[in-house]
Structures are given as C-alpha cells and as structure tokens.
Amino acid sequence: MKRILSSEVAGVVGQTISLAGWVQSRRDHGGLIFIDLRDHKGLIQLVINPEQAEAFSIAEGLRDEFVIKANGEVKARAPELVNPNIESGTVEVVVDSLEVLNRADTLPIQPFSEQQANEELRLKYRYLDLRRPKMQHMLKRRAEMFSVIRSYMETQEFTEVTTPILANSSPEGARDFLIPSRMHEGKFYALPQAPQQFKQLLMVGGIPRYYQLAACFRDEDPRADRLYGEFYQLDAEMSFVEDGEEVRQMFDPLIKQLSTDFADKKLLSEDIPRIPYAEAMDKYGSDKPDLRFGMELIELTNVFADTEFGVFKSAETIKAICVKDGLSLSRKQIDGFTEIAKSEGAGGLAYISYENGEAKSPIAKFLSEAELAAVKEKTGAEDGDTIFFGADKRSVVNKVLGRLRSEFADHFQLKDPNVIALCWIVDFPFYEWDDTRKKVDFGHNPFSMPKGGVEALKATTDDEKLAILADQYDMVMNGYEICSGGVRNHNPEVLYGVFGLLGYDKKYVEDKFGAMLGAFKFGAPPHAGCAFGVDRMFMELMGENNIREVIAFPKNGSGVDVMMNSPSFVDDAQKKELGL
RNA sequence: GCGCUCGUAGUGAAGUUGGCCUAUCACGCCUCCCUGUCACGGAGGAGAUCGCCGGUUCGAAUCCGGUCGAGCGCGCCA
C-alpha cells in the first residue's frame, strides 16, 4: 500500500492509503477515537471506529508523540464537520489497521504548547524542540538561504573550495581551539577562526574567484547575536581586485535579493550607502548603525565654547540627540536611560524637553538664552521633543549617544521589523589605540592593504599612525555587522611595513605568516574579499533577536552542549596517546 | 573575569513589605465515563523538602550571607 503524506490526502478521496507520523493528539470519545497524525507536512485526522476492534484497541493505548502507521480509506468530511484550522480539514482517514512503530514517554517539555519551556530545557531536549513548527521552519529556510547563496555564487563564477578544518593557530585575533597532535608530540593543530590565509593562498594558486560556506571556530564568550564556538561564514575572495568597491558591488545584489525575494522584506533604500567609518562614528556613534531611523548625533561643542555650565565647560566634546515625543518619557524611564548612559561611561544624562514653546530642563538655568536658542536651532527640536546631551571625551560621547540612540529607537518602536536597512562602512582606521596596553595596535586584521601603501607607512608619531586608513569594509544590516572584508595586502614589503610600524621585526612576521609571505614572493595577484556571518544575517532576515533560535544545535552561554554533554572528559588511554 | 536579572510540581506562571502557605492556577500526567471531536467534554487522583548550603527569627518560598546554574550586557570577538 502506498504511503503518502498528510498534504496529499485531500487529493485521493475514496482511496485506501497508508500514513505514518506522530500522534499529535488523541480525542477518545469512548465509542469513537480521533487521532491527529502529524508528519512534516502537517496534520491529518484519523477516525477509529470500534468495528475495527484491533485498531480501536491500539488507539485506546496511544499517547502523545507515539510513532504510528495507519492504513485506511480517505473520506470527505460532511460540510459541518470540516475543520478550517488545518490544511487537510476537508478530509479524514477512516482507519482499517493501526501499528505502533514506537512508543514515547511523557515528554519533558511540551513542544506544541503556547507556553514555551525555558531555553536550558529546550536545548537539553533539542530533538523535541526541533519538532516545533517554528524550528522546522527555521531549518528549512536556512537550507533555502544556503541554496540561494550557492546559486548566486555559481552564477558569478566563484569556485567553491573547502579548506582545512585542522589548521594552524593564528597569533592575532580570537582565542583558538587547539587540537593536540598525536604524531608530533607537543605540537598542535588549531581549528580555523576563518579560512583567511587559505583563501589568500588560493588567489596565489590562480583560483580567480573562491567562495565557501565555511565553518569558523572561535573560543570567545557568546552574545545574543554571537554563537559560542562555531559559526558559518559565506567566505569569498576575488583576484585582480584592487578596489574594495568591486567586492561590495559584487555582493550588493545578493544581499538585496535575500532581503526582498527570500525574506520578503522591504529595503529602506535600493542604493546601499557607503559611509566612512569616521562619519558613522560622528553621526551615529557606532560603526554598525541601524539606519531604519534617524536621530543622528548633533555636534554642539562650538555652541558651548564659552558656556558657564561646569559640566559642559570641562568637556572635550558636546553632542546631542533629539528624541521625538521624548516629553512622554516618565521620570522613571529617563532614570533608566541615565543608568544605561552611565554604564557606557557617561557621568550623567542632561536633557531639555520642549513644551508650549518653552525649554524645560534641570539644567536650563545654567544655560544662556543664546545657548538655548542655538541648541533648539541646531537640533530642530519642536514641542514634545527631548534633547539628550553627551558631554565628555569624543569617544565616550559617541559611545553613550550611540547606545542611547538605539535604546530610544527600541522604546519608541522605530525599528520596523519589515524593513531592511543596509550600508557599507568603509575606510576603517588601520591601527587603533589600545587603551589597556597604552599603545597603537591593529584595528582590524593586519592582512588588509593600508590606503596609500608604502608612503602611508612612513608615519612615525602615534597620531600619524592612527590616521592611516585601511581598505577595509563592513556591511551592516539593521544595526548588525553581517560582513567584514578588505583589499588584501599582497605585497611582502608592505606586510613587513605594517608590522614594523608596531615594532615587530621581519623575523616575527616570517615566523607567524611564513607560508603566506613565501607565497607572496612568487607572483601574488592583488586580491580582495569578504566574509558574511550567515547565521547572524539569517537571524535578522527571520526577524529573530537571538541567534540560537535559528540554529539546530547551539551551545549555551557557557559553551556547553547540554544535550550531548560536551565538552566532556576523555579516558586516560586517549590522553596518553596524545601525550597529555 | 565583572555587572544586572532570574531560579517555586513534568512544563509555564502566581505568591516575595516574614505568620491565615497544610504553597495557588493553567497545561501535562494517571484512573473512570462518553459515537463527531478537532484547544473535545465530564468525574476523580497523583505530583513541589520553593536551585543548594548556612544564618537571623517563636516562625522563612519570602530577610541576610555564601554557593551553583541560566539569560542579557561589558571585557573579549584581528
């Protein structure tokens, strides 16, 4: 007998068919039993009459999530018995015979209940959690997204190459996962943080365009938008590219297609803006601004050049954001935002509200008429608005107001979930100031090309070094960094130079990047590329705010797989063989 | 490593200014009844040393200290 799916039943009224799946629910009327059978396509109602004594007896013993097979005749339901809530609601299967393929204990969580178990239990019983329609949907959609990506990359003549998982420890960047070598005592492999060096070597190897949906491994603490341990990147590299714009234009259509056709969202703008890093920090206080709303940071330092107000007088930078309808905020809510500001390093949070043409504020009395007028004019504040100030070092002001900008947008629900706002942040500083070690260090990865090449590397003072820009770019989607890329440094002399500027000698560079340096001496083409964090991008496209919601088997916040109990101890024999 | 929040039957919640708490409700589970339900219905029942340890008190789910675990954030993530 042909086994069919629940979705096919409506098309075969009158036929005798076979179905298999899980018991979603059992409604036992004493003399008549209904079973909702669930398969991956949906639900179908089985009817078991007492005339079929054996099947009826089996049906009486069924419980939720038993795995069963049923044979029977498909019958159309009478009009008054149609169930509009399920796809197959116009038909039902009158069962002749029933078989229990497997029993199920009472489930520790209820996957089909409105009330969702806490995440720890959901992860422990992920195989049950995955039965939820939402999780089924996520896994299916993720596969579809991968398919869209692959077909785009193939159309653009990128070659998919898989690179080693057993790789080498990289000196810069995140903490590595190390794997002790059995055959070489004392030596270690490392899981790749990214296929960075391999893909550059592919360029030297004459592969014109490479891509890979690559597993990447980093041993750093997770966040809501960052998985622990492993994640996937759409990793790509193109040879004979000397300008990052070529890479950005290559990927614009794909990301737009994923936003619209795939995720069914509206683009804020067809044109994807390129925003220099310095401008992003200045206008949004962030290098990953959410452009779905305005509320830009407004420069007011000059307005208060001669102010008598102590807090502003001593500040290096004064900026403000204008919050529409800020007057509706209660004192308690403002206190809450003040706490957030303090947590980002602010001393407090000064503000001015406008009501009936008047400026109302705890600090108004310290400000002159001219200052108040200038603030209103520069911020464009109207009745009902509230201006929030940041006054501190420039970096602190940007950080505080950047964070508040996002918090206010959350509060006033300005982040339209149906809109995707994309931008590229370009011209990142090559070096940045490391405040803990009080020295200049790499801002992003050391493999990108400094703008201006060898000339730029003649910088000697810290300020000159910090002014060097990298041909490095990030793509930002609704406030999430979804891609990072750069024009690579394929010139050995320049590579020595960028390390040399930080005081590393040639030997250091040769020790750490010998393979790449060696390769670059044999005719390396200029090349550029990027890598998209596809899990995070998928999360945003799906409208989720926790990346674990879109992944089959994520680890928890402590890096533990509570289902498999990894990490775990290994036996002594295994350790001995590895010399541990 | 640090900060904030949380931890009560199998699950989700209420109770948290100490005492009517012998801990409440819903879902689930068990038994019985029920021939058209589809969130089936009805009757009954079991199930919680309130994360753990210690303290304060005549009395602790509730207060205090510690500890473990979780979530979020900071650090970190070239």
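Residue numbers begin at 1 in each chain, while the letters A, B, ... track the order of the sequences.
When Watson-Crick and G-U wobble pairs are counted only if both distances are under 3.5 Å, B:C76 pairs with no nucleotide at all. Base pairing of B:G65 is made with B:C53, judged by Watson-Crick or G-U wobble geometry with both donor-acceptor distances under 3.5 Å. Nucleotide B:A46 forms no Watson-Crick or G-U wobble pair with any nucleotide shown, as no partner meets the under 3.5 Å limit on both distances. In this structure, B:C21 forms no base pair with any nucleotide, since neither Watson-Crick nor G-U wobble geometry is met with both distances under 3.5 Å. In a base pair of the Watson-Crick type (N1 to N3 plus N6-O4 or O6-N4) or a G-U wobble (N1-O2 and O6-N3), with each distance short of 3.5 Å, B:C38 is matched with no nucleotide. In this structure B:U11 sits in a base pair with B:A26, meeting the Watson-Crick or G-U test at under 3.5 Å. When both pairing distances are held under 3.5 Å, B:A70 makes a Watson-Crick or G-U pair with B:U5. Partner assigned to B:A60 is none, using Watson-Crick or G-U wobble distances below 3.5 angstrom.
Remark: the separation of the P atoms in B:C72 and B:A13 is 16 Å, to the nearest Å. Distance noted for atom C1' between B:U62 and B:G15: 9 Å (whole Å). B:U5 and B:A9: their C1' atoms are spaced 24 Å apart (whole Å). Taking atom C1' in both B:C53 and B:A60, the straight-line distance is 15 Å, to the nearest Å. A gap of 15 Å separates the P atoms of B:G12 and B:G28, to the nearest Å. A distance of about 13 Å separates the P atoms of B:U16 and B:C21, rounded to the whole Å. B:C64 sits 15 Å from B:U56 when the P atoms are compared, rounded to a whole Å. If you take atom C1' in B:U8 and the same atom in B:A14, they sit 10 Å apart, rounded to whole Å.
For the pair A:Lys555 NZ and B:C77 P, the computed distance is 21 Å after rounding to whole Å. Rounded to whole Å, the distance from CZ on A:Arg26 to P on B:G41 is 13 Å. If you take CD of A:Gln233 and C1' of B:C77, they are 12 Å apart, rounded to a whole angstrom. Counting to the nearest Å, the C1' atom of B:C72 and the OH atom of A:Tyr228 are 19 Å from each other. One can place CG of A:Asp221 at 12 Å from P of B:C72, the figure rounded to the nearest angstrom. Look at CZ on A:Phe442: it is 14 Å from P on B:C77, rounded to the nearest Å. In this structure, CD1 of A:Ile35 is placed 13 Å from C1' of B:C40, rounded to the nearest angstrom. In this structure, CD of A:Gln116 is placed 10 Å from P of B:A13, rounded to the nearest angstrom.
Of the charged side-chain nitrogens involved, none lies within less than 4.0 Å of a carboxylate oxygen, so that A:Lys41 and A:Glu87 do not count as a salt-bridged pair. The residues A:Asp235 and A:Lys199 are annotated as salt-bridged, a charged nitrogen and a carboxylate oxygen being separated by less than 4.0 angstrom. A:Glu481 has no carboxylate O lying under 4.0 Å from a charged side-chain N of A:Arg536, or vice versa, which leaves the two without a salt bridge.
Within 4.0 Å (heavy atoms only), A:Ser170 reaches no atom of the nucleic acid at all. Across all strands, A:Glu114 comes closer than 4.0 Å to no nucleic acid atom at all (heavy-atom distances). Using a 4.0 Å heavy-atom criterion, one finds that A:Asn546 contacts the sugar-phosphate atoms exclusively. If you check every strand for non-hydrogen atoms under 4.0 Å, A:Pro108 touches sugar and phosphate atoms only. Heavy atoms of A:Leu121 sit under 4.0 angstrom from primed sugar atoms or phosphate atoms, though from no base atom.
Annotation: side chain of A:Arg27 is in contact with side chain of A:Asp36 (closest heavy-atom distance under 4.5 Å).
No hydrogens or angles were tested; on distance alone, a donor-acceptor pair under 3.5 Å links the side chain of A:Arg223 to the base of B:G75. A donor N or O paired with an acceptor N or O is found under 3.5 Å between the base of B:C77 and the side-chain atoms of A:Arg226. Residue A:Arg403 places no side-chain atom within donor-acceptor reach of the base of B:C74, judged by atom type and a 3.5 Å distance cut-off alone.
OP1 or OP2 of B:G12 sits under 4.0 Å from a side-chain N or O of A:Asn118. In this structure, A:Arg548 reaches the B:C72 phosphate: one of its side-chain N or O atoms is under 4.0 Å from OP1 or OP2.
The aromatic rings of A:Phe337 and A:His411 lie perpendicular to each other, with more than 60° between the two planes, well past the 30° mark. By the 30° and 60° cut-offs, the orientation of the rings of A:Tyr508 relative to A:Phe499 is tilted.
For the pair A:Arg175 and A:Glu119, both in contact range of RNA chain B, the more 5′-proximal nearest nucleotide belongs to A:Glu119.
With A:Ser88 contributing its side chain and A:Val91 its backbone, the two residues share no donor-acceptor pair below 3.5 Å. Proximity of a side-chain donor or acceptor of A:Arg248 to a complementary backbone N or O of A:Tyr473 within less than 3.5 Å is not detected.
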Please lay out, stage by stage, how A:Phe198 and A:Tyr210 fare under the test ring pair (Phe, Tyr, Trp, His ring centres under 6.0 Å).
CA-CA 10 Å; A:Phe198 290 112; A:Tyr210 140 91; 9.9 Å; no
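Judged by the 6.0 Å and 45° rule, A:Lys506 forms a cation-pi pair with A:Tyr496.
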Annotated protein contacts, base or backbone, on nucleotides 24-38 of chain B with a non-hydrogen cut-off under 4.0 Å, one of B, S, - each:
--BBSSSS--BBBBB
